[in-house]
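The next block holds one structure in the form of structure tokens; read it before the comments.
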Amino acid sequence: MPELPEVETVRRTLIELVAGKTIDHVTVTLPRIIQRPTEPEWFAADLAGKTVQTVERRGKFLRLLMDDLVLVSHLRMEGRYGVYQQDEPVQKHTHVIFHFTDGTELRYQDVRQFGTMHLFKPGDDLQSPPLNKLGIEPLSETFTEQSLSNILSKRTSKVKPLLLNQAYVVGLGNIYVDEALFAAGIHPERTANTLLPEEWSRLHKAIADTLRSAVEAGGSSIKSYVNGQGEMGMFQHQLAVYGRANKPCARCGGNVEKKVVLGRGTHYCLQCQPLEA
DNA sequence: AGGGCACCTCGGGCGC
DNA sequence: TGCGCCCGAGGTGCCC
């Protein structure tokens with residue numbers, strides 16, 4: 001589910017909902033989620049008494065800054081946060097609860113149990129796995145046409161897998177990769193080192209534009225995504241190719257194709273995204 | 001370096 | 001129409 005636009009939307013809603021609140025205690029009911037420290041009891045003990053300062057984002061990771069600790073949280077496919085009163089019934093698939101001193105709770109739910117949480121000293125988190133190998137932020141000033149082609153233009157693999165790899169550019173997942181490649185008119189299976197300069201230029205613009213528009217729309221709710229306030233995103237209504245297999249392409253009327261590329265469902269229009277430059 | 005699979009559960013689609 | 005099974009799902013990390 002959550003790619004950059006969804007994580008950014010969650011970040012914004014979480015700031016509103018939990019900044020300034022102090023943790024009384026933490027309950028972990030699925031130890032697997034807690035990756036660091038190694039024992040969930042230590043995780044809970046470290047967080048007791050901490051106050052949430054703010055919430056930041058690095059790629060698809062949330063960083064909850066709490067006094068002298070940083071909680072690094074990844075939602076993977078279906079993780080979600082919500083804030084509740086402590087007497088509200090706890091929904092299925094709730095794995096971690098941060099109980100605040102004011103009687104409210106931040107609850108982490110994750111149907112597929114893929115999400116992760118790591119606890120670090122501030123600063124250490126950016127130098128350690130899982131954050132230390134992340135690539136460029138596509139909505140930052142460092143993401144330029146030049147930086148994109150510098151990183152990828154000599155690569156010999158297909159362009160879609162490269163864009164999904166968080167070591168180069170962060171934040172793109174299966175939905176927005178397909179959308180950005182469509183907007184750029186580039187076939188997902190083009191070999192990266194065959195892209196022309198104007199194609200790198202189009203791709204750069206397409207990635208930035210697609211992600212910005214999706215953030216503005218509050219992300220895409222395809223299956224389960226909601227933000228920290230339980231609200232759905234709206235960008236799913238603007239998707240041009242993702243989820244539109246065998247429907248007409250909005251630009252040319254041709255057929256939107258779907259095939260598996262590297263194990264991922266991949267959507268594109270052969271007329272708008274030819275295999276040859 | 002690049003490809004394949006594993007980690008989980010749920011729901012949709014298909015066949016009987 | 002109803003049930004049960006199989007497959008796929010938005011992400012990453014580890015294996016070879």
Side-chain angles (χ1 to χ4, degrees), chain A residues 1-10 29-36 57-62 72-81 91-96 108-118 128-135 138 151-182 188-193 207 210-211 214-215 217-227 232-246 258-268:
Chain A
M1 169 224 339
E3 306 179 35
L4 187 150
E6 291 76 31
V7 177
E8 176 62 19
T9 304
V10 171
T29 46
L30 184 67
R32 178 193 306 131
I33 301 283
I34 312 302
Q35 303 279 311
R36 189 181 193 276
R57 179 188 58 74
R58 176 74 174 101
K60 300 174 193 171
F61 290 86
L62 291 165
V72 175
S73 169
H74 198 300
L75 307 173
R76 292 289 181 98
M77 306 285 259
E78 300 195 34
R80 62 164 79 170
Y81 280 103
Q91 300 89 331
K92 219 175 162 185
H93 308 300
T94 299
H95 306 311
V96 182
Y108 178 74
Q109 300 168 251
D110 189 342
V111 170
R112 289 173 71 181
Q113 309 180 3
F114 285 167
T116 59
M117 294 184 192
H118 294 74
S128 319
L131 298 187
N132 62 335
K133 296 278 174 55
L134 293 179
I151 305 170
L152 300 183
S153 64
K154 296 197 174 61
R155 304 264 155 190
T156 56
S157 66
K158 295 169 180 175
V159 64
K160 172 163 175 175
L162 287 175
L163 293 177
L164 285 174
N165 188 332
Q166 305 294 300
Y168 305 123
V169 177
V170 296
L172 291 166
N174 207 38
I175 297 176
Y176 296 109
V177 163
D178 284 3
E179 292 298 310
L181 285 168
F182 173 78
E189 295 187 278
R190 285 281 303 283
T191 302
N193 66 5
I207 291 171
T210 302
L211 292 175
V215 169
S220 301
S221 293
I222 302 292
K223 187 175 159 196
S224 60
Y225 164 75
V226 291
N227 69 23
M232 290 173 56
M234 294 300 289
F235 196 73
Q236 65 275 16
H237 303 302
Q238 296 180 53
L239 296 174
V241 286
Y242 183 85
R244 296 184 41 79
N246 300 315
K258 179 177 181 184
K259 73 177 282 195
V260 175
V261 177
L262 223 95
R264 319 299 302 277
T266 297
H267 313 72
Y268 56 96

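Excluded from the calculations below are hydrogen atoms, water molecules and symmetry mates; all remaining heavy atoms, backbone and side chain alike, are included. As the structure is a prediction and not an experimental result, all values here were calculated from the model. Naming convention: chains lettered A, B, ... in sequence-line order (proteins, then strands); numbering from 1 in each chain.
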What pattern of brackets, bars and dots sums up DNA chain B from 5' to 3', given Watson-Crick or G-U wobble pairs under 3.5 Å, [ ] for crossing pairs and | for another strand? .||||||.||||||||
Any [X] side-chain N or O less than 4.0 Å from OP1/OP2 of [N]:
| X | N | answer |
| --- | --- | --- |
| A:His74 | C:dG11 | no |
| A:Lys258 | C:dA9 | yes |
| A:Arg264 | C:dG8 | no |

Gap between atoms [atom1] and [atom2], on [X] and [N] respectively (whole Å):
| X | N | atom1 | atom2 | result |
| --- | --- | --- | --- | --- |
| A:Asn193 | B:dA1 | CG | C1' | 14 Å |
| A:Phe61 | C:dT12 | CZ | P | 7 Å |
| A:Asp178 | C:dA9 | CG | C1' | 14 Å |
| A:Leu134 | C:dG11 | CG | P | 14 Å |
| A:Ile33 | C:dT12 | CD1 | P | 15 Å |
| A:Gln35 | C:dG11 | CD | P | 18 Å |

Taking all non-hydrogen atoms of both residues into account, name the closest pair between [X] and [Y] and its distance.
| X | Y | answer |
| --- | --- | --- |
| A:Phe235 | A:Ala214 | CD1-CA, 3.5 Å |
| A:Gly79 | A:Tyr108 | CA-OH, 3.4 Å |
| A:Pro188 | A:Lys158 | O-CB, 3.9 Å |

For A:Gln236, which residues count as a side chain to side chain contact (heavy atoms under 4.5 Å, CB included) partner, sequence neighbours excluded?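 By the side chain to side chain contact (heavy atoms under 4.5 Å, CB included) rule, A:Gln236 matches A:Ser220, A:Ser221, A:Ile222, A:Met232, A:Leu239.
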Side chain to side chain contact (heavy atoms under 4.5 Å, CB included) against A:Ile151, all qualifying residues, sequence neighbours excluded: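 Side chain to side chain contact (heavy atoms under 4.5 Å, CB included) check on A:Ile151 returns A:Ile136, A:Tyr168.
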So, [X] side chain and [Y] main chain: donor-acceptor pair closer than 3.5 Å or not?
| X | Y | result |
| --- | --- | --- |
| A:His95 | A:Gln113 | no |
| A:Lys60 | A:Leu172 | yes |
| A:Gln166 | A:Gly135 | no |

Supply the atom-to-atom distance A:Leu4 CG to A:Thr210 OG1, rounded to the nearest 0.5 angstrom.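 It is 11.5 Å, given to the nearest 0.5 Å.
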CD on A:Gln35 to NE2 on A:His118, rounded to 0.5 Å: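 The distance works out to 5.0 Å.
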Any residue in residues 154-173 of chain A with a heavy atom nearer than 4.0 angstrom to DNA chain C? Just list them by number, or reply none.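 Contacts with DNA chain C under 4.0 Å: A:Gln166, A:Gly173.
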For [N] versus [M], give the span between their [atom1] atoms, rounded off to a whole number of Å.
| N | M | atom1 | value |
| --- | --- | --- | --- |
| B:dA1 | C:dG11 | P | 23 Å |
| C:dT1 | B:dG11 | P | 22 Å |
| C:dG13 | B:dC10 | C1' | 23 Å |

Taking protein heavy atoms under 4.0 Å as touching, what does nucleotides 7-12 of chain B look like 5' to 3' if B marks base contact, S marks sugar-phosphate-only contact and - marks none? BBBS--
Quick one: salt bridge (charged side-chain N to carboxylate O under 4.0 Å, His left out) pairs with a partner in residues 160-177 of chain A, sequence neighbours left out?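 Qualifying pairs: A:Lys160-A:Asp178.
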Between A:Gly263 and A:Pro130, which has a closest nucleotide on DNA chain C that is more 5'?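 Result of the comparison: A:Gly263.
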Under 3.5 Å, is there a donor-acceptor pair linking the side chains of A:Tyr225 and A:Glu3?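 The criterion, which ignores hydrogens and geometry beyond distance, is not satisfied for A:Glu3 and A:Tyr225.
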